[in-house]
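Here is the structure we will look at, set down as structure tokens.
Keep in mind that what you see is a predicted model, and the values were worked out from it rather than measured. All heavy atoms count here, side chains included; hydrogens, waters and symmetry mates do not.
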Amino acid sequence: MITTQDWADTRCLWEYHQMGHAPRPCSVAIGLGSHDLGVADTAVDLYRRGMAPLLVFSGATSPTTRERMPRGEAVHYRERALELGVPSSAVLVEPRARNTGENIRFSRELLQEAGVDVSSALLISKPYEERRAYATARQLWPGVEIVSASSPMTLDEYIDSIGDARLVIDMLVGALQRLLVYPEQGFMIRQQVPGDVIDAYERLCRQGFTSRLLRDEQGQARRQAC
């Protein structure tokens with residue numbers, strides 16, 4: 001059972017994961033691959049609004065996308081963008097990335113090879129991955145201004161789109177854990193995590209929302225805070 005406190009803690013994490021950036025024109029928009037085709041839809045909307053002259057879709061496949069997107073996440077995103085009217089000349093595909101760090105590194109390499117001068121990048125991700133994408137890009141792409149974006153939706157709307165409330169909470173907890181432990185590994189910049197967010201995260205861990213936590217060599221969840 002998901003308690004009233006669980007829901008309050010979940011909303012606390014949801015709000016923290018979102019950066020609250022206002023979209024603005026950037027050199028390029030990069031859609032980070034996942035199971036969520038809404039990333040492609042949001043990228044197209046931002047393109048139509050003049051927020052970027054070029055779209056890059058980045059992503060291979062994963063166990064959660066292999067059946068739904070057999071040709072690869074980036075390829076399916078591109079197909080969706082073309083279906084929605086974006087010209088093929090405005091879309092680049094990076095088909096190798098299997099995590100957020102590779103999304104950033106491989107997209108950066110692709111743009112360099114294409115001769116695209118990038119001073120700012122609009123990163124489009126799932127709603128609860130905005131902060132992770134931002135922190136990763138700041139670490140791996142210094143000197144480029146990063147603006148985070150995602151499909152505009154509430155927590156309740158996102159849960160409805162996934163169809164599994166407990167899974168969504170697990171994903172929010174797992175995303176927060178990565179913000180806590182990845183900076184020490186050099187994967188992203190360190191960010192301030194407010195005390196109420198840490199408290200919410202710890203309570204949800206104790207309540208068993210742990211299926212998406214990273215594990216150590218002994219299989220134990222790494223729950224430490226900054």
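- Applying the ring-ring contact (aromatic ring centres under 6.0 Å, His included) test to pairs two or more places apart or on separate chains, those with a residue in residues 169-193 are Tyr182-Phe187.
- Expressed to the nearest 0.5 Å, how far OG1 of Thr100 lies from CD of Gln139 amounts to 13.5 Å.
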**Request:** Go through the steps to decide whether Thr210 and Asp170 satisfy the test side-chain contact (heavy atoms from CB on, under 4.5 Å), and finish with yes or no.
**Result:** CA-CA 6 Å; Thr210 57; Asp170 284 352; 6.0 Å; no
**Request:** Go through the steps for Arg96 and Glu109 under the test salt bridge (Lys or Arg N to Asp or Glu O under 4.0 Å), then give the verdict.
**Result:** CA-CA 12 Å; Arg96 298 179 295 148; Glu109 292 171 4; 3.6 Å; yes
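- Applying the ring-ring contact (aromatic ring centres under 6.0 Å, His included) rule to Tyr134 yields the partners His21; only residues at least two apart in sequence or on another chain are considered.
- Residues forming a side-chain hydrogen bond (donor to acceptor under 3.5 Å, both in side chains) with Ser119 (at least two apart in sequence, or on another chain): Ser27.
- Remark: Arg178 CZ to Glu129 CD distance equals 8.0 Å, nearest 0.5 Å.
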**Request:** Before giving the answer on salt bridge (Lys or Arg N to Asp or Glu O under 4.0 Å), spell out for Arg206 and Asp6 the whole-Å C-alpha distance, their side-chain angles and the decisive distance to 0.1 Å.
**Result:** CA-CA 10 Å; Arg206 290 194 295 270; Asp6 294 337; over 6 Å; no
**Request:** Would you please test Arg203 and Asp9 for salt bridge (Lys or Arg N to Asp or Glu O under 4.0 Å) and show each step?
**Result:** CA-CA 8 Å; Arg203 280 192 296 266; Asp9 291 336; 2.8 Å; yes
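- The aromatic rings of Tyr128 and Tyr158 sit perpendicular, their planes meeting at an angle over 60°, well past the 30° parallel limit.
- Contacts of Ser107 classified as side-chain hydrogen bond (donor to acceptor under 3.5 Å, both in side chains), with partners at least two apart in sequence or in another chain: none.
- Residues in residues 37-46 take part in these side-chain hydrogen bond (donor to acceptor under 3.5 Å, both in side chains) pairs, two or more places apart or across chains: Asp41-Arg80, Thr42-Ser151, Asp45-Arg49.
- For Arg108, the side-chain contact (heavy atoms from CB on, under 4.5 Å) criterion is met by Gln112, Trp141, Pro142, not counting sequence neighbours.
- Listed by chain and number, the residues in a ring-ring contact (aromatic ring centres under 6.0 Å, His included) with Tyr47 amount to none (sequence neighbours excluded).
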**Request:** Would you check, one step at a time, whether the test side-chain contact (heavy atoms from CB on, under 4.5 Å) holds for Ser125 with Val39?
**Result:** CA-CA 6 Å; Ser125 65; Val39 171; 5.6 Å; no
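- The hydrophobic cluster analysis finds Met1 isolated: no Ile, Leu, Val, Met, Phe, Trp or Tyr side chain comes under 4.5 Å of it, directly or through other members.
- Residues Val91 and Met51 fall within the same hydrophobic cluster, defined by Ile, Leu, Val, Met, Phe, Trp and Tyr side chains chained together at heavy-atom separations under 4.5 Å.
- Interatomic distance, CE of Met188 versus CD of Gln191, reported as 7.5 Å (0.5 Å rounding).
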**Steps toward side-chain contact (heavy atoms from CB on, under 4.5 Å) verdict (Ile30, Leu32)** = CA-CA 6 Å; Ile30 302 174; Leu32 307 185; 3.8 Å; yes
**Message:** Could you go through Arg190 and Glu184, starting from their C-alpha distance and side-chain angles, then the distance that decides it, and tell me whether this counts as salt bridge (Lys or Arg N to Asp or Glu O under 4.0 Å)?
**Reply:** CA-CA 8 Å; Arg190 188 176 299 279; Glu184 67 189 45; 5.2 Å; no
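- Partners of Ala137 under the side-chain contact (heavy atoms from CB on, under 4.5 Å) rule, at least two apart in sequence or in another chain, are Ile104, Leu123, Ile146.
- In the hydrophobic clustering of this structure, Ile198 groups with Leu213; members are Ile, Leu, Val, Met, Phe, Trp, Tyr whose side-chain heavy atoms approach within less than 4.5 Å, directly or through other members.
- Glu145 and Arg138 are not joined by a salt bridge, as no carboxylate oxygen comes within less than 4.0 angstrom of a charged side-chain nitrogen.
- The stretch residues 49-79 participates, sequence neighbours left out, in these ring-ring contact (aromatic ring centres under 6.0 Å, His included) pairs: Phe57-Tyr77.
- Rounded to the nearest 0.5 Å, atoms CZ (Arg132) and OG (Ser148) are 12.5 Å apart.
- In terms of the side-chain hydrogen bond (donor to acceptor under 3.5 Å, both in side chains) criterion, Thr61 has no residue partners (sequence neighbours excluded).
- Between the CE atom of Met171 and the CG atom of Leu176 there is a distance of 14.0 Å, given to the nearest 0.5 Å.
- Partners of Asn99 by side-chain contact (heavy atoms from CB on, under 4.5 Å), not counting sequence neighbours, listed by chain and number: Glu102.
- Side chains of Glu130 and Ser150: a donor-acceptor N/O pair is present below 3.5 angstrom, by distance only.
- One finds the CG atom of Leu155 at 9.5 Å from the CG atom of Asp160 (value rounded to the nearest 0.5 Å).
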